[in-house]
Amino acid sequence: MSDFDFQSLNLALNQEWIELDLFHYGLATFSPEEFLDAGLGPEYQFLIEYMADQEVGHAEMITNMLYPYGAKRCQYQYPFNTVREFFDFCQKLTRWGESGVYGFLPHLDSRAAAELLINSITTEARQQMAFRQLEGLFPMAVWFIAGIPQAWAWTLLSPYLVHCPAGNPYIEWQIFPYLNVTNNPTAIRNDSKAAVSTNVSAISYPGYQVNFQWDNPGKNVSYDLKYQTSSTAGPAKYALWVSQLNATYTPLFNIDTENNYASTYQPGGQVFGNNTAPTFNDTMFVALTDDNPYVTPYNLSLVNPHVVAGPAIYQAG
């Protein structure tokens, strides 16, 4: 197996482990009454348990592919205190898990490994949609699901790993400085109920002012503080929005380089022009860059040398 394939699969395995832990953690943390308040009876709770069981299979499959060097399950931390916040984090984490595999899948040297990952990631795509439904969101508000590079997926995953077994292989992908959308639209509503579909198809709009705060590089992060954030980029000039088939740059303004603060406006547009789907919707990605090089869904990683911070999940719908 090539080093590229090993490192890609190692990252994917760490993603599967946190999903397994997360789904079980949510079920163990909240009472049946708390789930009922969010519209989830025993049948829905069993669905979450079954999704955890799916992750057992996914983790075993990748462990077998990497045998005997596969990572073991770690200890994690989670940013939620309520059932609805649990669903919200699940639909975000499964989004970058899904998109993170799409980003490297066509680049794998092993076509056999790619086929096996397709068999698992198509299941995870269903999980992401299901968690949107459990949160009371429109289940799929886009025509296409974007892929992201491994460094983007690892940047998003890394804050939630606290401690890992000493024998776990080092995750070699870059971690960019963390990016916070300080006024990120929220999908969490106290009165939301689980539903197959709702009319909550967008919670932001083109022209919405988006505010960013980001870290400097060189911060020790992730499990056992074994990793350090890094960036080769210059000062931030653009926000890069990745959604569906598009990578779109918008200029930053109100740039404060001392406090790492800036703003931009959410872009608009449709995927294929008038009367087609809005490009920027659903659970998507935004990063800050120092330049605006042309990239495609296949070669998005070419922007990595220009990433100042991020990505962050942006909740457009």
Side-chain angles (χ1 to χ4, degrees), residues 92 95-96 99-100 102-103 141-142 144-159 174-187 202-217 219 229-271 277-317:
K92 289 173 177 172
R95 164 60 72 237
W96 79 64
S99 292
Y102 294 154
V142 288
F144 304 95
I145 303 299
I148 58 172
Q150 296 98 324
W152 288 39
W154 179 217
T155 298
L156 288 163
L157 172 62
S158 59
Q174 185 176 4
I175 301 177
F176 297 109
Y178 295 146
L179 175 65
N180 179 28
V181 181
T182 61
N183 62 338
N184 208 334
T186 180
I203 57 176
S204 67
Y205 52 88
Y208 174 70
Q209 181 173 319
V210 182
N211 302 322
F212 301 107
Q213 184 93 42
W214 65 94
D215 291 344
N216 288 317
K219 182 179 179 180
T229 61
S230 64
S231 171
T232 59
K237 295 180 181 178
Y238 300 94
L240 170 56
W241 306 82
V242 175
S243 177
Q244 306 205 70
L245 305 178
N246 290 73
T248 298
Y249 298 92
T250 56
L252 298 175
F253 60 90
N254 293 337
I255 300 173
D256 180 346
T257 54
E258 271 192 33
N259 297 300
N260 291 351
Y261 178 90
S263 301
T264 193
Y265 294 115
Q266 179 184 321
Q270 290 77 41
V271 176
T279 302
F280 305 100
N281 204 346
D282 211 274
T283 308
M284 50 173 287
F285 307 95
V286 63
L288 302 187
T289 67
D290 69 349
D291 201 357
N292 57 347
Y294 177 77
V295 290
T296 72
Y298 183 71
N299 67 11
L300 181 59
S301 62
L302 293 180
V303 81
N304 284 356
H306 299 284
V307 172
V308 177
I313 290 286
Y314 184 75
Q315 195 65 54

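Not measured: the values here are computed from a predicted model.
Side-chain contact between Val308 and Pro177 is absent, with no heavy-atom pair separated by less than 4.5 Å. Here the side chains of Asp290 and His306 are in contact, with some heavy-atom distance below 4.5 Å. Using a 4.5 Å cut-off on side-chain heavy atoms (C-beta onward), Leu156 and Pro311 make contact. Side-chain contact between Phe144 and Pro297 is absent, with no heavy-atom pair separated by less than 4.5 Å. Between Met284 and Val142, every side-chain heavy-atom pair lies at or beyond the 4.5 Å cut-off. Contact annotation: the side chain of Tyr249 never approaches that of Thr264 to less than 4.5 Å [non-hydrogen atoms, C-beta and beyond]. Two residues are said to be in side-chain contact when any heavy atoms from C-beta on lie closer than 4.5 Å; Phe212 and Thr182 fail this criterion. Residues Ser204 and Tyr314 are in side-chain contact: their nearest non-hydrogen atoms beyond the backbone lie under 4.5 Å apart.
Side-chain N/O atoms of Gln209 and Asn211 include a donor and acceptor closer than 3.5 Å. Side-chain atoms of Ser230 and Gln174 form a donor-acceptor pair, as typed in the model, at a separation below 3.5 Å. A donor-acceptor pair shorter than 3.5 Å can be found between the side chains of Thr283 and Gln315. No hydrogens or angles considered: a donor-acceptor pair under 3.5 Å links the side chains of Thr296 and Asn299.
One distance of note links CH2 of Trp241 with OG1 of Thr250; it measures 5.5 Å at 0.5 Å rounding. A distance of 11.0 Å separates CG of Asn260 from CD1 of Ile255, quoted to the nearest 0.5 Å. Note that OG1 of Thr248 is 11.0 Å distant from CG of Asn292, once rounded to the nearest 0.5 Å. Note that the CG atom of Asn254 and the OH atom of Tyr261 stand 6.5 Å from one another [nearest 0.5 Å]. In this structure, Leu179 CG and Gln213 CD are separated by 9.5 Å, a value rounded to the nearest 0.5 Å. Between the OG1 atom of Thr289 and the CG atom of Asn304 there is a distance of 11.5 Å, given to the nearest 0.5 Å.
In this structure a side-chain-to-backbone donor-acceptor pair under 3.5 Å is present from Thr232 to Pro305.
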### Query
Passes side-chain contact (heavy atoms from CB on, under 4.5 Å), Asn281 versus Ser243? Steps please.
CA-CA 7 Å; Asn281 204 346; Ser243 177; 5.9 Å; no

### Task
Step by step, work out the side-chain contact (heavy atoms from CB on, under 4.5 Å) result for Thr229 and Asp215.
CA-CA 9 Å; Thr229 61; Asp215 291 344; 5.8 Å; no

### Query
Going through the checks in order, is the side-chain contact (heavy atoms from CB on, under 4.5 Å) test met by Asn180 and Trp214?
CA-CA 6 Å; Asn180 179 28; Trp214 65 94; over 6 Å; no

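Between Trp152 and Phe285, the angle of the ring planes goes over 60°, which puts this pair in the perpendicular group of the 30/60° scheme.
Considering all non-hydrogen atoms of both residues, Val271 and Thr279 come closest at N-OG1, 3.3 Å. Between Arg95 and Asp282, the closest heavy-atom pair is NH2-OD1, 3.1 Å. Nearest heavy-atom pair, Thr155 versus Gly310, reported as atom, atom and distance to 0.1 Å: CG2-O, 3.7 Å. Between Ile145 and Ser99, the shortest heavy-atom contact is CG2-OG, 3.8 Å. Nearest heavy-atom pair across Phe280 and Ala316 is O-CB, 3.9 Å.
Enclosure of atom OH in Tyr294 is not indicated, since only 12 or fewer non-hydrogen atoms of other residues, nucleotides or ligands lie within 6.0 angstrom.
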